[in-house]
Each structure stands twice: as C-alpha cells, then as structure tokens.
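This report refers to the structure that appears directly beneath it.
Any value given below was found using the heavy atoms of this structure, including those in side chains, with hydrogens, waters and symmetry copies removed. This one's a predicted model, so the numbers in the text were calculated from it and none came from an experiment. For ligands, and for the atoms within them, numbers begin at 1 and follow the listed sequence.
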Amino acid sequence: MSELSQQVCEACSADAPTVTDGEKQELLKSVPDWELVTLDGEEQLRRVFKFKNFAQAQAFTNKVADMAEAEGHHPAILLEWGKTTVRWWTHKISGLHKNDFVMAARTDIAYQDMQ
Ligand SMILES: C[C@H](O)[C@H](O)[C@H]1CNC2=NC(N)=NC(=O)C2=N1
C-alpha cells in the first residue's frame, strides 16, 4: 500500500462499507496522532493541532478546507485561539471509510509543512 498521504479519495457511495476493525487498527498505524471517537453514533477520527496564535490556526484551517474542497471530502473543523480541532468521517455511510484515513494523513502533512 503506497504511503497513505499520497493516496486520493476513492468514489464512495451510500452503500459503501465502513472499515472493519482489522482495517481500522492497520490504518491507525499510519495516523498515530489521531483518536477514534464516536459522536452522535458516528465513529470519527479526531486530532487537535496546536499553534502559537489564532492567525496560524486560521491559516492551517484554510489549508485543510482548501484540500477538502479539492478532494470533495470534508471534515468538521473547530478553529480556536492557538488550536484547530479536525474530525474526519464519511457522512453518507455515517462512519469511517478509508478516505477518512487518507485525509487524516494528508492533514498531518499540511501541519508538518507549517512547522
Ligand atoms: C454531494 C457531495 O459530493 C457529497 O455530499 C460529499 C461531500 N463531502 C463529504 N464529506 C464527507 N466527510 N462525507 C461525505 O459523505 C461527503 N459527501
């Protein structure tokens, strides 16, 4: 499997399967800084990114938003002073698809590029 962050989202339909527990454990190895959370019954990936101020958090938020729009796959993003919280899941299957792990890995690269 090529580096997760180099992959792109595959077309995902409403009847696409969520990742299995085994797939989750394997994929999580590529995004170790992310946590699995369940909100409103939907399993998601979540990570909090820390910054020196609001402007840096805002710039990162915009990078992630642009990447999401380009990919047609969108996160929930909370922008606060000094931090940005990103959650990835696939709305149409109410859970986690491999696409979410790809986008989490690409979000990590966007953060690394700002350090
Ligand atoms: C019509 C549009 O392409 C779809 O609603 C896309 C938009 N972005 C999306 N983003 C996420 N995270 N999950 C989706 O199911 C999804 N669907």
> Applying ring pair (Phe, Tyr, Trp, His ring centres under 6.0 Å), which residue pairs with at least one partner in residues 61-83 are found, sequence neighbours left out?
Replying inline: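 As it turns out, the ring pair (Phe, Tyr, Trp, His ring centres under 6.0 Å) pairs with a partner in residues 61-83, which skip direct neighbours, are H73-W88.
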> What residues come within 4.0 Å of ligand 1, counting heavy atoms only?
Replying inline: G72, H73, H74, W89, T90, H91, K92
> So, are K63 and D66 salt-bridged, with charged N and O less than 4.0 Å apart?
Replying inline: no
> Residues in side-chain hydrogen bond (donor to acceptor under 3.5 Å, both in side chains) with N99, at least two apart?
Replying inline: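 By the side-chain hydrogen bond (donor to acceptor under 3.5 Å, both in side chains) rule, N99 matches H97.
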> What about W89 and F101, are their ring centers closer than 6.0 Å?
Replying inline: no
> Listed by chain and number, what are the salt bridge (charged side-chain N to carboxylate O under 4.0 Å, His left out) partners of E42, not counting sequence neighbours?
Replying inline: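 For E42, no residue satisfies salt bridge (charged side-chain N to carboxylate O under 4.0 Å, His left out) once neighbours in sequence are set aside.
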> Using 30° and 60° as the class limits, which term best fits the ring planes of F60 and F49: parallel, tilted or perpendicular?
Replying inline: tilted
